[in-house]
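Order of the sequence lines sets the chain letters (A, B, ...), proteins ahead of strands, with each chain counted from 1. Reckoned from all heavy atoms, side chains included, excluding hydrogens, waters and symmetry mates.
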2 protein chains.
Amino acid sequence: MVQIVDSDAVARVLGVQPSEHHVRTIAGIFAALSDATRLRILLALSREQLCVCDLAAVTGVSASAVSHQLRVLRDRDLVTFERDGKRAIYRLADDHVATLLAQGREHAEEQS
Amino acid sequence: MVQIVDSDAVARVLGVQPSEHHVRTIAGIFAALSDATRLRILLALSREQLCVCDLAAVTGVSASAVSHQLRVLRDRDLVTFERDGKRAIYRLADDHVATLLAQGREHAEEQS
DNA sequence: TGGTCATCTGAACATCTGCTCATACGTTCA
DNA sequence: TGAACGTATGAGCAGATGTTCAGATGACCA
């Protein structure tokens, strides 16, 4: 069974922990950034707005796979798109996403 | 087949995309933050340094499960620990981790 | 209008992930 | 020394995830 050692610290932490729902939301955002394909999509969109087929070329996976992943990113409000005839032009939803990406890159560079 | 539409944009993006290895590293960092249990561990450690059993109490999962997840976090250099007798006291590896967490919380709050 | 193109979607499948359980190891203390 | 404790780890399993494939939709153009 679990024996608590520093019950004061545990109590302090439990007092300020975000709610179950909140934790899941945060985890969901990071999860969206945790796949190599989605990351490449987002890194590309942080430079240029692109249609699905161009994103497929950039990422090196099929347009279908890109479309599936864009759905994940749309659901998390990380990207938006605009229709242009038969094409869909995607871009990052806001600067916040770019900031998160930059932060991730920075941390990754630290560990050689 | 994939038909490129804006070949200039694709070329520009490909020119600045991080390497395969780099992308995987960044994805790995975000992946470490993408699980609710690991997130709770990190959020707790951003307030207090804690031993494994106290982290189990905070997160509400078994000490074994916490230990498994701490291994993931250690491997990604997100936490460090120090032995104190039979206990292992964990803390965040650096301020960068806290920054990433704060950034994630901030973004999560935006989407209501 | 028929054909092609860009995109989207659901099903199927292989892989990955996180938990539990059993077990092992080192530390503490009676 | 032996028992209890805190932690770590491997195997196994259920559920999640990412890709492919097939097919559908809507837009463009001959």
Side-chain angles (χ1 to χ4, degrees), chain A residues 1-7 9-10 23-24 27-42 45 49-76 78-91, chain B residues 1-7 9-10 23-24 27-42 45 49-76 78-91:
Chain A
M1 215 39 264
V2 183
Q3 199 71 23
I4 293 180
V5 170
D6 186 345
S7 55
V10 170
V23 168
R24 287 189 188 284
I29 290 169
F30 286 127
L33 300 167
S34 72
D35 172 72
T37 298
R38 282 194 298 269
L39 206 45
R40 269 187 277 267
I41 290 174
L42 292 170
L45 294 180
Q49 56 178 55
L50 292 164
C51 66
V52 177
C53 60
D54 285 354
L55 283 168
V58 167
T59 57
V61 302
S62 71
S64 174
V66 168
S67 186
H68 276 297
Q69 301 299 8
L70 284 170
R71 183 153 155 64
V72 174
L73 297 174
R74 276 192 329 258
D75 289 348
R76 306 285 211 279
L78 296 175
V79 302
T80 58
F81 74 107
E82 166 199 14
R83 287 219 89 92
D84 175 24
K86 54 186 169 183
R87 271 189 285 282
I89 313 296
Y90 281 81
R91 77 192 80 224
Chain B
M1 216 36 263
V2 183
Q3 198 72 23
I4 293 180
V5 170
D6 187 345
S7 56
V10 170
V23 168
R24 288 189 188 285
I29 290 169
F30 286 126
L33 300 167
S34 72
D35 172 72
T37 298
R38 282 193 298 268
L39 207 45
R40 268 186 277 266
I41 290 174
L42 292 171
L45 294 180
Q49 56 177 54
L50 293 164
C51 65
V52 177
C53 60
D54 285 354
L55 283 169
V58 167
T59 57
V61 302
S62 71
S64 173
V66 168
S67 186
H68 275 296
Q69 300 300 6
L70 284 169
R71 182 151 155 65
V72 174
L73 297 173
R74 278 192 327 260
D75 289 349
R76 307 285 210 278
L78 296 176
V79 303
T80 59
F81 74 107
E82 166 199 13
R83 287 218 89 93
D84 175 24
K86 53 186 169 182
R87 271 188 284 282
I89 312 295
Y90 281 81
R91 76 191 83 223

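Residue Ala88(A) is in sugar-phosphate contact alone, with no base atom involved, counting any heavy-atom pair closer than 4.0 Å across all strands shown.
Residue Lys86(A) has its side chain nearest to dC5(C) when only dC5(C), dC19(C), dT7(D) are considered. Taking the side chain of Thr37(B) as heavy atoms from C-beta on, and the options dG18(D), dT7(D), dC19(C), the nearest nucleotide is dC19(C). For Cys51(B), the listed nucleotide lying nearest its side chain is dT7(D); candidates were dT7(D), dG6(D), dT9(C). Proximity note for Ser62(A) (side chain, C-beta onward) versus dT19(D), dT20(D), dG6(D): the nearest is dT20(D). Closest contact between the side chain of Arg74(B) and the listed nucleotides dT9(D), dG18(C), dC19(C) involves dT9(D). Considering only the side chain of Ser67(A), dT9(C) comes nearest among dA27(D), dT9(C), dA8(D).
Taking a centre distance below 5.5 Å and an interplanar angle below 30 degrees as the stacking criterion, His68(A) stacks against the six-membered base ring of dT9(C).
Rounding to whole angstrom units, CZ of residue Arg83(B) and P of dT28(C) are separated by 10 Å. Here the P atom of nucleotide dT7(C) and the CG atom of Leu70(A) are 9 Å apart, to the nearest Å. If you measure from atom CG of Leu39(B) to atom P of dT17(C), you get 17 Å, rounded to the nearest angstrom. The separation between Asp75(B) atom CG and dT9(D) atom C1' is 12 Å, rounded to whole Å. With rounding to whole Å, Gln3(B) atom CD is found 17 Å from dC28(D) atom P. We find that CD1 of Ile4(A) is positioned 15 Å from C1' of dC5(D), with the value rounded to whole Å. Taking atom CZ of Arg71(A) as the reference point, atom P of dG10(C) lies 6 Å away to the nearest angstrom. Look at CG on Leu55(A): it is 13 Å from P on dT19(D), rounded to the nearest Å.
Between Leu55(B) and Leu45(B) the shortest side-chain heavy-atom distance falls below 4.5 Å. Side-chain contact check for Val52(B) versus Arg87(B): every heavy-atom pair is 4.5 Å or farther apart. For the pair Tyr90(B) and Leu70(B), the minimum side-chain heavy-atom distance is below 4.5 Å.
Between the side chain of Ser64(A) and the base of dT19(D), no donor-acceptor pair under 3.5 Å is found.
With Arg76(B) as the fixed residue, the side chain to side chain contact (heavy atoms under 4.5 Å, CB included) test singles out one of Val79(B), Leu73(B), Val72(B): Val72(B).
Contact check, Tyr90(A) against dA6(C): no side-chain N or O comes under 4.0 Å of OP1 or OP2. Taking only side-chain nitrogens and oxygens, Gln69(A) comes nearer than 4.0 Å to OP1 or OP2 of dT19(D).
Each of Asp84(A) and Val5(A) was matched to the nucleotide of DNA chain D holding its nearest heavy atom; the match closer to the 5' end belongs to Val5(A).
Both cation-pi conditions hold for Arg74(A) and Phe81(A): the charged atom is under 6.0 angstrom from the six-membered ring centre and inside a 45 degree cone around its axis.
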